[in-house]
Amino acid sequence: MYRIAIPTKGRSHLIAKQTIGFLVKNKIDISKVDIFVGSKEEADDYKKVLSKIYLNPYIIHEQKDLMSIVNYIHDYYKNKTDVKWLLRLDDDIINIIDSKGKGIQGLDKFIKKMFKITEENSLSLWGINAYDNPFFFKDTISTNLKYIVGCLNGWVIRRDRYDLITWSSHYEDVIMTCEAFIRDGGVVRNNGYGIITKYFGPGGMNCTKEEVEQRKKDSCEIGLEVAYRYGDMVRLVKKKDMYDIRLNYNFKLE
């Protein structure tokens with residue numbers, strides 16, 4: 001009923017331990033999973049590590065940056081498959097926790113429930129809290145403008161609506177949240193659950209010292225572009241050594 005897309009780079013051992021391990025632990029059928037890698041050589045490396053766990057063909061995207069990979073995945077499922085529900089995961093998911101700090105129970109049922117709620121509201125994008133502090137969780141499901149984090153999000157593929165794309169690798173999930181909200185009139189977030197993961201951990205994309213420093217520099221320039229494009233939907237805020245975007249949850253489309 002749904003497919004799971006996991007883009008990954010240079011993390012064959014990590015994905016086996018974390019995201020794939022998380023899915024196996026929660027009794028998710030791994031035949032539902034598609035792993036996206038950049039080249040045949042990388043696919044061969046993953047096969048050595050995951051040969052007993054993951055049996056599907058690896059999908060080689062040949063893209064070089066996060067923006068292109070995200071857009072490739074959306075185009076692939078919309079135009080080359082008949083998939084209706086798509087769950088996109090990063091390769092380093094450790095767990096999903098509830099408002100009591102406990103690991104999620106019945107993950108498959110939860111995923112299907114969120115897709116059904118999204119579809120019933122004629123929306124496309126759903127997600128959960130981007131952090132793992134239950135103190136800030138609320139047992140609510142909202143459809144206003146709230147941040148849908150890129151490391152875990154669900155998409156109802158709308159072949160009758162225009163394509164959504166991200167135009168930058170930096171803030172790509174903020175951009176996709178805003179674009180989905182503009183097109184569909186809302187996004188769905190389950191505020192009672194959060195994700196345990198390590199953002200910008202070792203390996204993968206945007207994680208070398210040079211990439212992190214470049215990301216800090218881009219945070220202002222691209223942040224200003226995001227603020228210009230989306231106006232009252234967002235605001236740019238200064239953090240210790242970089243900038244960040246906050247969404248206006250009170251924003252309403254005219």
Side-chain angles (χ1 to χ4, degrees), residues 5-11 36-38 59 61-79 86-92 123-128 130-131 145-155 157-158 161-184 186-187 189 195 197-201 203-249 251 253:
I6 308 175
T8 182
K9 176 186 176 183
R11 286 176 164 177
F36 288 77
V37 293
I59 300 175
H61 56 70
E62 298 183 328
Q63 308 303 310
K64 302 301 182 183
D65 57 76
L66 181 59
M67 173 189 72
S68 301
I69 294 169
V70 170
N71 291 334
Y72 180 95
I73 289 173
H74 281 263
D75 178 75
Y76 175 86
Y77 284 103
K78 183 173 183 177
N79 297 308
L86 174 66
L87 181 67
R88 189 186 122 206
L89 301 179
D90 276 3
D91 55 11
D92 55 355
L123 301 177
S124 302
L125 175 61
W126 69 264
I128 61 176
Y131 41 84
L145 182 58
K146 288 188 177 179
Y147 173 53
I148 307 298
V149 66
C151 64
L152 188 157
N153 53 66
W155 287 89
I157 299 175
R158 303 288 185 178
R161 301 177 188 178
Y162 68 80
D163 291 345
L164 296 178
I165 62 170
T166 179
W167 44 266
S168 171
S169 292
H170 198 110
Y171 303 120
E172 62 86 13
D173 46 9
V174 170
I175 293 167
M176 292 301 269
T177 301
C178 290
E179 291 291 340
F181 189 91
I182 292 169
R183 188 188 73 175
D184 301 327
V187 294
R189 201 174 81 174
I195 189 166
T197 188
K198 186 174 183 179
Y199 295 103
F200 309 113
M205 300 187 66
N206 300 319
C207 296
T208 66
K209 182 178 179 180
E210 293 77 14
E211 288 169 333
V212 170
E213 288 304 314
Q214 185 61 49
R215 186 173 180 82
K216 291 178 181 178
K217 293 178 182 178
D218 290 344
S219 69
C220 180
E221 181 178 348
I222 300 174
L224 288 170
E225 177 67 18
V226 171
Y228 174 76
R229 291 195 183 209
Y230 299 113
D232 291 340
M233 298 177 74
V234 303
R235 61 186 175 91
L236 189 63
V237 297
K238 181 71 169 68
K239 299 179 75 173
K240 182 178 179 181
D241 54 358
M242 62 186 297
Y243 287 81
D244 201 2
I245 295 290
R246 296 287 185 269
L247 297 185
N248 176 10
Y249 61 83
F251 178 82
L253 293 170

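The figures here come from the full heavy-atom set of this structure, side chains too, leaving out hydrogens, waters and symmetry mates. On a predicted model such as this, the values are computed, not experimentally measured, just so you know. When a residue number appears, it is its place in the shown sequence, counting from 1.
Here the CE atom belonging to Met176 is positioned 3.5 Å from the NE2 atom belonging to His74, to the nearest 0.5 angstrom. The CD atom of Glu179 lies 6.0 Å from the OH atom of Tyr162; values are rounded to the nearest 0.5 Å. In this structure, the separation between CD1 on Ile165 and CE on Met67 is 8.0 Å, given to the nearest 0.5 Å. Atoms OG1 and CD1, from Thr166 and Ile69 in turn, are 12.0 Å apart once rounded to the nearest 0.5 Å. We find the CZ-CD1 distance between Arg11 and Ile6 to be 12.5 Å, quoted to the nearest 0.5 Å.
In this structure the side chain of Leu152 never reaches within 4.5 angstrom of the side chain of Asp90, judged on heavy atoms. Proximity of Ile73 to Leu86: side-chain heavy atoms (C-beta onward) are separated by under 4.5 Å at one or more points. Residues Pro7 and Val70 form no side-chain contact, since every pair of their non-hydrogen atoms from C-beta on lies 4.5 Å or further apart. Residues Tyr171 and Thr177 are not in side-chain contact: their nearest non-hydrogen atoms beyond the backbone lie 4.5 Å or more apart. Proximity of Ile182 to Tyr230: side-chain heavy atoms (C-beta onward) are separated by under 4.5 Å at one or more points. Residues Tyr77 and Asn79 have side chains not in contact (no heavy-atom distance under 4.5 Å, counting atoms from C-beta outward).
Applying the ring pair (Phe, Tyr, Trp, His ring centres under 6.0 Å) rule to Tyr76 yields the partners Phe36; only residues at least two apart in sequence or on another chain are considered. His61 pairs by the ring pair (Phe, Tyr, Trp, His ring centres under 6.0 Å) definition with nothing, not counting sequence neighbours. Residues that satisfy the side chain to side chain donor-acceptor pair (under 3.5 Å) test with Trp155, not counting sequence neighbours, are Asn153. Partners of Arg189 according to the salt bridge (Lys or Arg N to Asp or Glu O under 4.0 Å) rule, which considers only residues two or more places apart in sequence or in another chain, do not exist here. Partners of Asp218 by salt bridge (Lys or Arg N to Asp or Glu O under 4.0 Å), not counting sequence neighbours: none found. For Glu62, the side-chain contact (heavy atoms from CB on, under 4.5 Å) test picks out Ile60, with sequence neighbours left out. Among residues two or more places apart in sequence or in another chain, the salt bridge (Lys or Arg N to Asp or Glu O under 4.0 Å) test is passed with Arg229 by Glu225. Asp184 pairs by the side-chain contact (heavy atoms from CB on, under 4.5 Å) definition with Leu123, Ser124, Arg161, Ala180, not counting sequence neighbours. Under the rule for a side-chain contact (heavy atoms from CB on, under 4.5 Å), the partners of Ala130 that lie at least two apart in sequence or sit in another chain are Tyr147, Val149, Tyr199. The salt bridge (Lys or Arg N to Asp or Glu O under 4.0 Å) check on Lys146 picks up nothing, with sequence neighbours excluded.
Proximity of a side-chain donor or acceptor of Asp75 to a complementary backbone N or O of Asn71 within less than 3.5 Å is not detected. Checking side-chain atoms of Thr197 against main-chain N and O of Asp92 turns up a donor-acceptor pair under 3.5 Å. Between the side chain of Asn248 and the backbone N or O of Asp232, at least one donor-acceptor pair lies under 3.5 Å.
Atom OH of Tyr228 sits in a sparse spot, with 12 or fewer heavy atoms from other residues, nucleotides or ligands closer than 6.0 Å.
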Distance-only check: which donor-acceptor pairs under 3.5 Å involve side-chain atoms of residues 234-242, not counting sequence neighbours?
| residue | atom | partner | partner atom | Å |
| --- | --- | --- | --- | --- |
| Lys238 | NZ | Lys240 | O | 3.3 |
| Asp241 | OD2 | Lys216 | NZ | 2.9 |

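Contacts classified as salt bridge (Lys or Arg N to Asp or Glu O under 4.0 Å) and involving residues 165-174 (residues at least two apart or in different chains) are given here: Arg88-Glu172.
Taking every heavy atom of both residues into account, Ser68 and Gln63 meet most closely at CB-OE1, 3.4 Å. Across all their heavy atoms, Ile175 and Ser168 have their closest contact at CD1-CB, 3.8 Å.
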